[in-house]
Amino acid sequence: GDEWARYEQGFSDNFDNWPADNLVRESYKLPLPQAILPGSYTLMAQPLDGERQAIGEGKALVELEIAPSPDLAGRPAAIFENGLALKSLDWFDESVHPGHNMSVALIWQAEPGEEVQLDDLRYELEVIAPNGEVVRRLGGQPVDGRVEQLPVGASVREQTAIYFSPESEPGEYKLWWRLYEGDEVVGGRPYWRPWYSDRLIYGTLNVTPWPMDSSLPEDVTIAEAQFGPAIQLYAYELGDTTPDYLPLTLYWLATAKPEESYLIFVHLVDAASGEIISQVDRVPVDDLRPTSGWRPGEVLSDHLLLPLAQDLLPGEYQINVGVYNPDSGERLPLTVDGKRLPNDQITLETITLP
């Protein structure tokens, strides 16, 4: 009697265009929930009005059977003492860049002859860097708590993702697994090992460096503003202003390897009062490319949108850019043509808005 999924979709044509006393065909594609178990289900339909109130009574359309998931070839990756098995990992891709999520599907299965209670189970996954450091911990109930019991031989698919911070070092990362029932550890083992242990190692994932781009952009406004010994704002490009945003692209050049991870700021400043009207502070390139990972000679394109308030008054505004240490707030010294600029920030342009 449990409801497993609900989908809503508007009609494809206005009621005024429906032919009188004739049928109107509507097609639907309903994705099955990931953790749904094999068995009998009822498909029901219920029209709603514009206020999302029911029109008439719901109608049971058809009884349908959800077939068992096809048995995956080969032995399971990991087997636990309670009969639960991690059948396999289905990776979205073969590798991931720092700052990105890697999607992975966990295929859980009840071993032959076993019926597994899931409501008190939880797993823990540790991601181990090449240097042996634990960089991520995640986990939860298998299949996200949607299923209390896994029938004999049934398998279910759970979708999750592993996040790698922008500071992640390239290399091969290992996955360490642990299963708990309440507060007690459930022993596990790889399929090939006859004994169980509190923790097992299964799965690897490669973190690959970002592609190296050293080509300087063309048809842009050259700035050549040097922040400290290693970071140069080589050029910039202003886009067409909208009522909500001012598009700006900054082209950074690593003249050496930066020692630390710095933040950049972009300020929109009232030219008359000096008041900051809008600002963006972040790690360069959508928070994905910390400066500590820049390579000498690398060019990075940093696209951002500077928000504009709806009540912004007409007038002249300056676009200022700087680089600073997030821990101390201290700005990197800025020189242009060998001269130190006031406040260690560069004014790219003075523009008239709106």
Side-chain angles (χ1 to χ4, degrees), residues 1-12 23-48 52 54-93 101-125 138-162 175 177 179-182 186 188 191 202-203:
D2 292 338
E3 180 181 290
W4 270 84
R6 177 180 297 196
Y7 307 97
E8 295 185 11
Q9 179 175 320
F11 290 103
S12 59
L23 296 177
V24 175
R25 181 186 180 93
E26 294 281 344
S27 297
Y28 305 90
K29 292 182 178 180
L30 307 179
L32 292 178
Q34 291 180 0
I36 196 167
L37 291 174
S40 299
Y41 294 82
T42 302
L43 185 65
M44 301 190 66
Q46 172 69 68
L48 308 175
R52 301 173 68 86
I55 301 175
E57 296 184 359
K59 174 71 174 179
L61 301 182
V62 64
E63 298 290 326
L64 54 90
E65 289 290 324
I66 302 296
S69 301
D71 187 33
L72 299 173
R75 298 182 178 89
I79 302 170
F80 296 94
E81 288 182 295
N82 64 346
L84 181 67
L86 179 61
K87 191 71 174 179
S88 68
L89 304 178
D90 186 6
W91 296 105
F92 175 77
D93 206 343
N101 281 307
M102 170 58 84
S103 296
V104 58
L106 315 180
I107 313 299
W108 300 100
Q109 188 172 44
E111 283 287 273
E114 300 285 350
E115 193 173 76
V116 182
Q117 293 294 128
L118 299 176
D119 52 350
D120 203 28
L121 290 182
R122 61 183 177 89
Y123 71 92
E124 182 181 81
L125 171 60
L138 64 154
Q141 283 185 282
V143 297
D144 201 22
R146 288 295 307 274
V147 179
E148 295 182 359
Q149 182 174 288
L150 199 56
V152 175
S155 62
V156 290
R157 179 184 182 93
E158 176 188 357
Q159 196 73 34
T160 187
I162 302 174
L175 306 182
W177 302 82
L179 185 68
Y180 293 90
E181 186 168 5
V186 179
Y191 76 89
Y202 172 70

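The structure presented is a predicted model; accordingly, all values stated were derived computationally and were not measured.
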Distance in Å, Leu61 CG paired with Glu63 CD, rounded so as to fall on 0.5 Å steps: 10.0 Å

Side chain proximity check, Tyr41 to Trp4, heavy atoms < 4.5 angstrom: yes

Residue pair Leu30 / Leu43, side-chain heavy-atom distance below 4.5 Å: yes

Closest approach of Glu57 to Gln46 (non-hydrogen atoms, all atoms of both residues): C-OE1, 3.2 Å

Any side-chain heavy-atom pair of Arg157 and Gln159 under 4.5 Å: yes

Beyond-backbone contact of Val24 with Glu26, side-chain heavy atoms, under 4.5 angstrom: yes

Distance-minimising heavy-atom pair for Ala161 and Asn101: CB-CB, 4.2 Å

Interatomic distance, Lys59 atom NZ to Thr42 atom OG1 [nearest 0.5 angstrom]: 12.0 Å

Side chain to side chain contact (heavy atoms under 4.5 Å, CB included) partner of Val104, the single match among Asp90, Thr160, Leu125, Asp93: Thr160

Pairwise side-chain contact, Gln141 with Leu118, heavy-atom cut-off 4.5 Å (strictly under): no

Rounded distance (nearest 0.5 Å) linking atom OG of Ser27 with atom CD of Gln9: 9.0 Å

Nearest-0.5 Å distance, OH of residue Tyr7 to OH of residue Tyr28: 14.0 Å

Interatomic spacing from CG in Leu138 to CD in Glu124 - rounded to 0.5 Å: 9.0 Å

Aromatic plane relationship, Phe80 with Trp108 - under 30° parallel, 30 to 60° tilted, over 60° perpendicular: tilted

Lys NZ or Arg CZ of Arg122 over Tyr180 ring: under 6.0 Å, within 45°: yes

Least distance between heavy atoms, Ala54 atom then Leu48 atom: CA-CD2, 3.8 Å

Within 6.0 Å of CG in Leu23, more than 12 heavy atoms from elsewhere: no

Minimal non-hydrogen separation, Tyr191 against Pro76, with atom names: CB-O, 3.2 Å

Gap separating the CG atom of Leu84 from the CD atom of Glu181, nearest 0.5 angstrom: 10.5 Å

Contact check, side chains of Leu179 and Trp177, non-hydrogen atoms, under 4.5 Å: no

Heavy-atom closest pair, residues Gly203 and Leu89: CA-CD1, 4.3 Å

Glu8 and Arg52, any side-chain heavy atoms less than 4.5 Å apart: yes

Min side-chain heavy-atom separation Ile107-Leu86 under 4.5 Å: no

